[in-house]
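For reference, the structure is listed below as structure tokens.
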Number of protein chains: 2
Amino acid sequence: METQKEEDFVKPTFDPHSIEPELIQKIAYDALVWSSLHGLVVGERNSQRSGKVPGVAMVHAPFALLPMSFPESHWKQACEAAPIFNELVDRVSLDANFLQDSLSRTKKVDEFTSRLLDIHSKMLEMDKKEDIRLGLHRSDYMLDEQTKLLLQIELNTISSSFPGLSCLVSELHRMLLHQFREHLLLDPERVPRNNAVNGFAEVLAKAWTEYNNPRTVIMVVVQPEERNIGREAVAVIYFRAGYAPTDYPSELEWRARLLMEQSIAIKCPSISYHLAGTKKIQQELAKPGALERFLENKDDIAKVRKCFAGLWSLDDTHIMKDAIKRPGLYVMKPQREGGGNNIYGDDVKETILRLQRAGNEEDAAYILMQRIFPAVSPAILMRDGVSHRDQTISELGVYGAYLRNKERVIVNDNCGYLMRTKVSSSNEGGVAAGFAVLDSIYLV
Amino acid sequence: METQKEEDFVKPTFDPHSIEPELIQKIAYDALVWSSLHGLVVGERNSQRSGKVPGVAMVHAPFALLPMSFPESHWKQACEAAPIFNELVDRVSLDANFLQDSLSRTKKVDEFTSRLLDIHSKMLEMDKKEDIRLGLHRSDYMLDEQTKLLLQIELNTISSSFPGLSCLVSELHRMLLHQFREHLLLDPERVPRNNAVNGFAEVLAKAWTEYNNPRTVIMVVVQPEERNIGREAVAVIYFRAGYAPTDYPSELEWRARLLMEQSIAIKCPSISYHLAGTKKIQQELAKPGALERFLENKDDIAKVRKCFAGLWSLDDTHIMKDAIKRPGLYVMKPQREGGGNNIYGDDVKETILRLQRAGNEEDAAYILMQRIFPAVSPAILMRDGVSHRDQTISELGVYGAYLRNKERVIVNDNCGYLMRTKVSSSNEGGVAAGFAVLDSIYLV
């Protein structure tokens with residue numbers, strides 16, 4: 001007989017609601033102390049100075065006390081898909097006609113997309129080529145309970161958020177599982193190490209190296225006031241802002257974006273990468289035959305397609321009929337980032353009917369997506385120093401890093417992950433907006 | 001001709017008030033962000049939940065924006081003195097009669113010292129020997145401007161505070177000097193690396209190893225509610241509380257302290273170490289011939305004595321006369337920790353006269369000390385996200401770590417440092433009390 005391995009004594013899965021309140025209190029205390037000491041903090045929403053003055057009015061970032069169980073096979077699937085999505089974005093970005101054609105109707109009804117397309121057109125006119133291309137993406141997934149499929153929610157090609165805090169939460173969970181191992185009987189090694197923040201930094205540094213001018217800097221474009229470029233030459237521009245209409249309060253910002261796009265600096269993302277990450281393009285790529293236009297390898301195509309949920313434009317009359325009949329099975333998504341919330345349930349039906357009555361092209365501002373029903377799991381959510389038990393659903397994001405110089409692919413890899421968990425009764429899901437908490441995964 | 005070394009280009013000293021406001025703002029911003037991300041945080045004093053719930057209502061610890069210039073020779077002197085003071089405390093702790101005799105008058109007027117001496121007496125009665133002795137001390141100094149002497153303020157043998165935050169401030173300053181090197185022209189390497197927190201952890205771990213029972217734990221006695229010992233055997237008891245009368249609100253706490261002292265666990269500090277660190281003992285050791293009772297090496301004696309400020313008991317009539325005549329040259333210090341503030345200026349005179357009129361033994365509750373007038377230096381203090389320029393004075397603490405098992409000295413070393421800087425117009429000096437800020441030193 002084989003000897004039993006140590007990991008056989010570790011529980012394959014667990015229910016955090018079964019943990020005794022006294023133990024939860026202890027774990028929560030240690031977790032909160034750890035958060036304070038390791039920078040797992042954010043500005044307090046209630047404080048006026050928060051976000052303006054760093055170092056004041058800080059509170060731990062909202063987090064799940066323990067990692068969420070997640071099937072190892074789906075985790076591997078998401079990691080394997082990351083470099084393929086990186087490559088796909090790169091190929092799509094090179095197909096200017098595809099981008100312009102796909103977004104031609106959206107352009108008419110969405111001012112923001114229209115402005116981005118204008119910049120894209122200007123680059124085409126001046127025949128601007130990006131030799132060095134840098135992508136820091138994040139593909140977000142939910143696990144559909146009925147079909148057990150890992151389905152892509154969206155692919156972010158600009159300003160993929162939380163590479164820093166997500167790493168800290170993984171570390172926190174590994175620490176807690178180690179610290180309370182005797183009580184929890186969970187194996188810390190089953191929480192995958194998260195290298196998102198170092199991975200991002202490394203590939204930014206590699207892009208800078210590729211630019212090959214030591215007298216240059218990496219510029220990070222951020223949301224608040226400052227956009228202080230100074231007099232240094234810029235090798236890499238990382239957009240941590242610029243994805244939302246509110247990031248362009250005046251023509252000044254659009255001119256700056258154009259100026260940066262025209263420059264020889266490496267953009268992360270370029271305007272083409274940015275457009276390749278729009279919901280409309282996501283929907284276009286889900287059409288039969290679309291992936292084949294950009295990828296050759298059949299395995300790769302199959303892996304990407306496997307992640308695609310049902311995606312339709314609103315001129316698909318067959319699907320529209322079904323959506324009016326069974327609106328609960330669909331989500332309507334506005335094309336614009338930050339341009340409004342998703343539409344669920346009966347509002348789907350009413351919105352479609354309203355758009356059909358209007359008869360204009362406003363329908364091009366939306367895409368329709370199959371509604372995903374993820375498994376509901378018990379979790380303990382930590383917010384403002386207090387623990388709450390609740391039933392939750394989760395969304396896994398896997399970061400991808402891509403760097404190429406002409407024909408030479410320098411980096412093409414997955415690059416850490418972000419797990420977000422939210423109360424299952426809420427439709428909205430932002431961590432920053434206060435609906436979700438940061439989480440990590442426990443492979444089962 | 002010799003080639004000039006790079007460090008020749010570095011300024012030997014600097015005036016932070018000469019830095020342009022714009023640059024200060026940039027440095028302050030980076031410093032505040034760094035603080036948030038590296039755990040240089042404390043609970044906000046104004047928040048009710050602060051100190052009770054970790055992870056909420058946090059603010060950066062108050063700190064000096066840039067390190068304070070400090071003569072390298074004095075820094076070396078303080079580091080060299082640390083192991084001698086470690087040894088001195090150990091020797092004094094073994095001389096029960098010296099401790100009891102020196103504190104006999106204090107015992108009559110100070111309930112707290114009296115209770116500590118009672119525990120000490122009980123240990124003598126049961127002939128309790130501490131084979132393994134662990135000390136984590138901090139000797140505090142000020143640099144007297146007129147005499148250019150580094151004079152000891154006090155020697156802490158219990159609950160030496162800030163080993164953690166002081167390390168972070170040194171790191172912060174090294175980072176800032178590196179980051180803004182082109183503007184500040186200061187050499188980050190001149191801020192000594194601070195190993196206090198790791199040093200403390202290491203010597204605690206070594207004490208645990210010396211105890212030689214893997215089924216034991218290190219217990220940390222802290223100030224708030226919890227004193228949860230659980231069922232584990234305790235190898236090492238580290239007192240982070242127990243130094244102030246308020247730490248013993250009832251007989252329960254005194255019984256617990258006695259119980260711990262009676263146990264075979266290694267105490268940091270033992271009751272003898274604790275008593276050896278009292279102000280009265282500091283004053284007794286400053287008497288002619290006292291050091292010779294405990295140390296043999298003449299160099300060591302000279303090094304320790306060099307640090308001693310003038311120290312007297314209040315039954316020294318000659319000095320009392322002078323203190324009444326020139327009260328500004330003296331400080332009256334209550335023996336008790338947390339038992340009241342130091343007395344300065346005309347209050348010294350009035351208090352002496354009051355005590356002399358009373359004619360009881362209350363004078364034994366105080367010692368008199370030469371007032372040290374440290375150099376006043378410009379500094380930029382960061383508090384609550386805001387920078388203030390001010391004229392300041394500083395106090396340097398050098399940590400010492402000591403571990404011995406019978407005749408075998410396992411550790412005897414200096415162990416990092418703490419620099420505290422406060423506005424020169426304030427007599428009181430606590431960081432936690434809001435008067436001082438954490439600082440580091442820049443060797444000149």
Side-chain angles (χ1 to χ4, degrees), chain A residues 22-23 25-63 65 164-165 167-169 172 179 182-183 197 215 217 220 222 224-226 228 230-232 382-387 437, chain B residues 22-23 25-63 65 164-165 167-168 171-172 179 182-183 197 215 217 220 222 224-226 228 230-232 382-387 437:
Chain A
E22 234 180 75
L23 182 57
Q25 227 183 342
K26 277 187 193 175
I27 302 172
Y29 189 92
D30 282 10
L32 290 170
V33 169
W34 192 96
S35 302
S36 314
L37 297 180
H38 292 81
L40 182 50
V41 297
V42 294
E44 254 178 56
R45 293 165 67 76
N46 300 332
S47 165
Q48 279 212 315
R49 297 167 74 209
S50 162
K52 287 175 192 159
V53 184
V56 304
M58 287 176 286
V59 62
H60 71 90
F63 59 84
L65 187 58
L165 291 180
C167 290
L168 287 172
V169 174
L172 167 68
Q179 185 102 326
E182 285 173 39
H183 299 96
V197 73
R215 302 176 64 88
V217 299
V220 178
V222 294
E225 290 79 38
E226 211 154 357
N228 212 331
R231 273 181 242 159
E232 292 111 335
M382 297 296 304
R383 195 176 274 122
D384 199 26
V386 181
S387 66
V437 299
Chain B
E22 233 180 76
L23 181 58
Q25 226 184 343
K26 276 187 194 175
I27 302 173
Y29 189 93
D30 281 11
L32 291 171
V33 169
W34 192 95
S35 302
S36 314
L37 297 180
H38 293 81
L40 182 51
V41 297
V42 295
E44 255 178 57
R45 294 166 65 78
N46 299 332
S47 164
Q48 280 212 315
R49 297 167 74 209
S50 162
K52 288 175 191 156
V53 184
V56 303
M58 287 177 287
V59 63
H60 70 90
F63 59 84
L65 187 58
L165 291 181
C167 290
L168 287 172
E171 261 186 77
L172 167 67
Q179 185 101 327
E182 285 173 40
H183 299 96
V197 73
R215 301 176 65 88
V217 298
V220 178
V222 293
E225 289 79 37
E226 213 153 355
N228 212 331
R231 274 179 240 159
E232 292 110 334
M382 297 296 304
R383 195 175 276 122
D384 199 26
V386 182
S387 67
V437 300

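Basis for what follows: all heavy atoms, side chains included, without hydrogens, waters or symmetry-related copies. To find a chain, count down the sequence lines: A is the first, B the second, and so on, and within it residues start at 1.
With a 4.5 Å cut-off on non-hydrogen atoms, B/Val41 touches chain A through its side chain but not through its backbone.
Between A/Leu32 and B/Val53, the shortest heavy-atom distance links the atoms CD1-CG1, 4.2 Å. Of all heavy-atom pairs spanning A/Met58 and B/His60, the tightest one is CE-N, 3.7 Å. The two residues B/Ser36 and A/Pro54 come nearest to each other via the heavy atoms OG-C, 4.5 Å.
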